[in-house]
Amino acid sequence: IATEAKVVHMLRERGIAKSSISRDEFLTYAWEWKEKYGGIILQQLKKMGCSLDWDRTSFTMDPHYYESVIGVFNDLYKKGYIYRGKRMINWDVKAKTALSDEEVIFKDTQSKLYFLRYELEGNSGEYITIATVRPETILGDSAICVHPDDERFKHLQGKFAYVPLIKRKIPIIADEYVSMDFGTGALKITPAHDMNDYQLGQKHKLEVIDVLNDDGSMSEAAQLYVGLDRFETRKKIVVDLEAAGHLVKIEDYPNQVGYSERTDVVVEPRLSLQWWVDMKKISGPALNAVVDDDIKFHPAKFKNLYRHWMENIKDWCISRQLWWGHRIPAWYDQEGHVFVAKDEEQAYQLYLQQNPDGKMEDIRQDEDCLDTWFSSWLWPIEVFKGYSNPGNPEIEYYYPTQTLVTAPEIIFFWVARMIMAGYEYKDKKPFEQVYFTGIVRDKQGRKMSKSLGNSPDLLEMIDRYGADAVRFGIMISSPAGNDLLWDESANEQGRNFSNKIWNALKLVKMWEERTPVNYRYNEEESAKAYFAVNWFEARLKQVKTELDQSYDQFRLSEALMTIYSLIWDDFCSWYLEWVKPPYGDETIDEKLIISTKIFFVELMKLLHPYMPFITEEIYHELGERVDGDDLCIALLGSSVSKEADTSILDHGKLLQASITGIRDARNKAQLKPKESIALFVQTESAAPYDIIGDILVKQVNAATMEITSSTIPDAIPAVAGKEKFYLLTSTPMDMGSQKEELKKELEYLKGFLLSVEKKLSNEKFVANAKTEVVDIEKKKKADA
RNA sequence: GGACUGUUAGCUCAGUUGGUUUAGAGCAUUACUUUGACAGAGUAGGGGCCACUGGUUCGAGUCCAGUACAGUCCACCA
């Protein structure tokens, strides 16, 4: 529909009206348009780094696909699942053509609401009053409808009234559809000119009286004003109704009226025969598949929505008043008999069976096209030629696919119908998981759309920030199941991240310039010398486990955040600083540099799906030197276990807390970074400091470190958890600001202690809560 | 109008069967420090009646009901 609208627009700009060219000519233009803009979209996807199989692009109007769509239509028709039924369409009385919904422009209009009274049968002088904005349609009335509970009209139910002017007798019926508080509470039913009226008419078996011709003039069925234009008729009938005493009053009534985009005339709702799919015939397995989690939705909240829709499924109107698309394979003869076939020749053969003397020219094909989703719902099958060439190796290999990624707004249009088609034609689900992305909105919360023109220019953004940065910006702000409020500043974070990674590479490459020293340390020293390596290896394992969990739940932005933090905080801020050779040392331990590069490669692998370009580049930068190295293989082999070493991780935490605490104390005491200190550690367990001591000393610029059992006078105190540190400096320092901080900390802990004690002194809590919970509270108290 | 979903720091969001140190993260912001991987970095800080009102419970951001507001899809009213 969008394509057709765009092509129509393009032609109009060139001064060509759609109505002035043939169907085939129009389609030539449409194909040109498709090639051009389809190509642009593919280029953008490539520029974005989407790793798709570019040799296998597929289109629903490829010849094999087109035939399959027609084949499916024929198949469903034969099975009796497709039928013709009435539907209200938009009719352009000037162009004498049906319009798609997209071609109707609604304008706010100041209309009039006419209150008309209909005389009741038998009791001359008694009336029932209805309200309408289209008085000319009363000539097509089949009934008057009231709410069954409406006391005002209860006595009239089952009686009859006369249509004014033509005195046709119509019943007064009751239906809950009518709202009691609108208008007069009585509704005239005109099945031929209103969809709801039509449905009520079906329900109550009312006559359909079409009072309009296709040019908008009154038809023979109207009895009066025959041949007169609908709006002329409206003026005239109001005068006549007033003269006959039927007009009660006229009120102003603002409403929206649809105009044709093509001819700018008021669109006429018109009943027309359209093609439908009987959904109840095919929806059963598709409902169960999702309800039973055979197909999983992410986020799961859409499951409810899906179930509700499927349980109340309505038949699917598959006709569209368009030229661009799969043309409905139905042919009609002069009498309106239908012949559904795969092509004109076969339709003709069917026609011949009934009309042995018939000619090819006697039948003509349906002008309409199929709803775009009637082709799209075959996607998981026909992309692999699973319908046109069943059982071929590709469909057998790829079907069912694993994950469908799509937008929640097309859950019914596309997802549900693909599942139905999957069970109908493959007897199997088409995919295992469905991941619904957020809807992209701008900062003001508006949906991004072509018509609003509020979409950012992707290529321009890529030029400014880099494709990886743009991808990062999108992914980091795409929490599963929420809309994505697009803000260009997210790109900046991505760009800064790229910079950070690139600089980390620069640092590692600088180290490579140094003289390598092979295995500087012996077995006993290695836990200490390679603590940073052991720690990061453990962190890597730990984070990989977290990532597995995030991915299992399709929490993509969370996974990216985890990787971001692993690289920035753990790798750059901690690990690289820990292994960084001291200033002035021109050598480097070979194990350190190789481990670092292996970690770097591992990190690049983790990040690759999000930022493919920079990770690919760095992988190759590092790869030349890592590949083929025995130590690399040995290191990888040593990390078979997925369990991270928790004691190493604990030591890492202690080291981080110590560094942070001491640095904080240094800052508060306004020590210059270059000023060295003597560090004293007061701790309950000294053992870990054997391992982390060297790094600690380096990171806080200490000349010496000692374990002490008593406080050190005249030193700057620092605290990390239950660890105490004393920083001895050559110059005495003012510790006023630090004291303030510590007082605040103390206040907090006092308050905290109070709240815990309050809880523990509550007898009901101690009596009712689980013992573990009470124990935790007791531990909190002890710690505080 | 129907159905569904949401409402937690300035912004975007976590918070997994109610209890895990008197609510967390990223970004933004503030102060100080630093300039030997980093058009930056380090350290610290500020910022929340967890929409509102009731209820269940020893205990509620978490469960229940209602209200308000927002979003989405569907149907659109003579």
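Chain letters run A, B, ... following the sequence lines, proteins first and then strands; every chain starts at 1. Remember, predicted model here, so these are calculated numbers, not experimental data.
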Separation of B:G15 P from A:Q553 CD (nearest whole Å): 9 Å
For atom P, what is the distance between B:G6 and B:G66, given to the nearest Å? 15 Å
Could you state the NZ-C1' distance from A:K303 to B:A3, rounded to the nearest angstrom? 18 Å
Report yes if the side chains of A:V719 and A:F725 come closer than 4.5 Å at any heavy-atom pair, otherwise no. no
Test item: side-chain donor near acceptor, A:D569 and A:W574, under 3.5 Å: no
Between A:N304 and B:A3, is there a side-chain N or O to OP1/OP2 distance below 4.0 Å? no
Not counting sequence neighbours, which residues clear salt bridge (charged side-chain N to carboxylate O under 4.0 Å, His left out) with A:K506? List them please. none
Taking pairing as Watson-Crick or G-U wobble with both contacts under 3.5 Å, can you name the mate of B:G59, or confirm there isn't one? none
Can you name the atoms? Protein N/O to nucleotides 26-32 of chain B N/O, anything below 3.5 Å, with the distance.
| residue | atom | partner | partner atom | Å |
| --- | --- | --- | --- | --- |
| B:G26 | O2' | A:Q493 | NE2 | 2.8 |
| B:C27 | OP1 | A:Y564 | OH | 3.2 |

Other residues, nucleotides, ligands: >12 heavy atoms within 6.0 Å of A:K698 NZ: yes
To the nearest 0.5 Å, what is the distance between CZ on A:F497 and CE on A:M611? 6.0 Å
Applying side chain to side chain donor-acceptor pair (under 3.5 Å), run through A:K188 and A:S142 and close with a yes or a no. CA-CA 8 Å; A:K188 76 186 198 69; A:S142 298; over 6 Å; no
Salt bridge or not between A:R230 and A:E268? Use side-chain N to carboxylate O under 4.0 Å. yes
Starting at CD1 of A:I567 and ending at P of B:A37, how long is that distance when rounded to a whole Å? 20 Å
Whole angstroms only, please: what is the CG-P distance between A:L560 and B:A14? 15 Å
I'd like a table of atom pairs between the protein and nucleotides 75-78 of chain B - only N or O on both sides, under 3.5 Å - with the distance next to each one.
| residue | atom | partner | partner atom | Å |
| --- | --- | --- | --- | --- |
| B:A78 | OP1 | A:Y253 | OH | 3.4 |
| B:A78 | OP2 | A:Y253 | OH | 2.3 |
| B:A78 | N6 | A:S179 | O | 3.0 |
| B:A78 | N6 | A:F182 | O | 2.7 |

Find which nucleotide of RNA chain B each of A:S573 and A:E777 is nearest to by heavy atoms, and output the residue with the more 5' nucleotide. A:E777
What is the pairing partner of B:G66, taking Watson-Crick or G-U wobble pairs with both distances under 3.5 Å in any strand? B:C52
Between A:R134 and A:E136, does any side-chain N to carboxylate O distance fall below 4.0 Å? yes
Between B:A25 and B:G42, how far is it from one P atom to the other, in whole Å? 16 Å
Nearest-neighbour nucleotide for the A:K674 side chain, B:A37, B:U35, B:U5 considered: B:U35
Can you tell me how far P in B:U8 sits from the matching atom in B:A3, rounded to whole Å? 25 Å
Show your working on side-chain contact (heavy atoms from CB on, under 4.5 Å) between A:L607 and A:L560 and close with a plain yes or no. CA-CA 8 Å; A:L607 186 61; A:L560 176 55; 4.0 Å; yes
Are A:Q274 and A:K86 side-chain neighbours, meaning at least one heavy-atom pair lies under 4.5 Å? no
Which pairs, protein N/O on one side and nucleotides 57-66 of chain B N/O on the other, fall under 3.5 Å?
| residue | atom | partner | partner atom | Å |
| --- | --- | --- | --- | --- |
| B:C58 | O2' | A:N762 | ND2 | 3.2 |

Taking B:U34, B:A14, B:A44 as options, the one with an atom nearest any side-chain atom of A:D664 is B:A44
Which base, if any, makes a Watson-Crick or G-U wobble pair with B:G18, both distances under 3.5 Å? none
Taking distance alone, no hydrogens or angles, what donor-acceptor pairs closer than 3.5 Å link side-chain atoms of residues 752-764 of chain A to residues at least two apart or in another chain?
| residue | atom | partner | partner atom | Å |
| --- | --- | --- | --- | --- |
| A:S755 | OG | A:F752 | O | 2.8 |
| A:S761 | OG | A:E757 | O | 3.1 |
| A:S761 | OG | A:K758 | O | 2.9 |
| A:N762 | OD1 | A:K764 | N | 3.0 |
| A:N762 | OD1 | A:F765 | N | 3.4 |

Taking 4.0 Å as the cut-off, does a side-chain nitrogen or oxygen of A:K672 come that near to OP1 or OP2 on B:U33? no
Could you note down all residue pairs passing salt bridge (Lys or Arg N to Asp or Glu O under 4.0 Å) where residues 303-313 of chain A supplies at least one of them, sequence neighbours left out? A:D293-A:K303
What nucleotide, of B:U43, B:C73, B:A37, holds the atom closest to the side chain of A:M510? B:A37
